[in-house]
Amino acid sequence: HGNQDGVVENFDGYLSWALCEHNLRFGSRSNLASLSFGRMVDCLSAEVCLLLAKRVECERTTKRSLVGLGLAVCGEALALATKEKSQPCIRGALAVLSDLEELEIQLDGE
């Protein structure tokens, strides 16, 4: 999480990329190939949504959209990791899901 609070060039470009759901999904072949690394690529996409949604310059409605997309993509990654019995991937997905759910609760309270 190196540059979470620093200036990000082309922030709107990253937002646009992450808000296109098909950009976040890499398919089962890529996800299965990444199992041996302990993180599924779709879970990394969900984490990108999380990190972008935490940014101050991100509007509330955009934060909600990012959190929703992140929850959906990460939930699917968790289902595949569970099916494949990959404990590292399951733990990673659960951590991202937990952070997304926490942010969702914060947004609901605003």
Tell me if the OH atom of Y14 is crowded by more than 12 foreign heavy atoms within 6.0 Å. no
Could K63 and E59 be called an ion pair, given the rule that one side-chain N must be under 4.0 Å from one carboxylate O? no
Evaluate whether atom CZ of F11 has more than 12 neighbouring non-hydrogen atoms of other residues, nucleotides or ligands under 6.0 angstrom away. yes
If we check salt bridge (charged side-chain N to carboxylate O under 4.0 Å, His left out) with E57, which of these qualifies: R55, R60, K54? R55
Does the side chain of L15 reach to within under 4.5 Å of the side chain of L66, using non-hydrogen atoms? yes
Does S16 use its side chain to pair, donor to acceptor, with the backbone of D12 at less than 3.5 Å? yes
Identify the two heavy atoms, one from C74 and one from A93, that lie closest to each other, and give their separation to 0.1 Å. SG-O, 3.4 Å
I want to check something: taking the side chain as every heavy atom from C-beta on, are R39 and N31 in contact at a cut-off of under 4.5 Å? no
A side-chain contact here means heavy atoms from C-beta on lying under 4.5 Å apart; do C49 and L24 qualify? yes
Worked verdict on V67 versus L107 for side-chain contact (heavy atoms from CB on, under 4.5 Å): CA-CA 10 Å; V67 168; L107 290 169; 4.1 Å; yes
Heavy atoms, side chains only, cut-off 4.5 Å: are T82 and Q87 in contact? no
At their closest point, which heavy atom of A46 faces which heavy atom of G70, and how far apart are they? CB-O, 3.4 Å
In sequence, state the C-alpha distance, the side-chain angles, and the governing distance for L69 and R25, and then conclude on side-chain contact (heavy atoms from CB on, under 4.5 Å). CA-CA 10 Å; L69 287 168; R25 298 177 192 279; 5.7 Å; no
With no hydrogens and no angle check, is any side-chain donor or acceptor of S34 less than 3.5 Å from a backbone partner on V41? yes
Would you call L71 and E101 a side-chain contact if the rule is heavy atoms closer than 4.5 Å? yes
Quick one: does any side-chain atom of N23 pair with a main-chain N or O of W17 as donor and acceptor, under 3.5 Å? yes
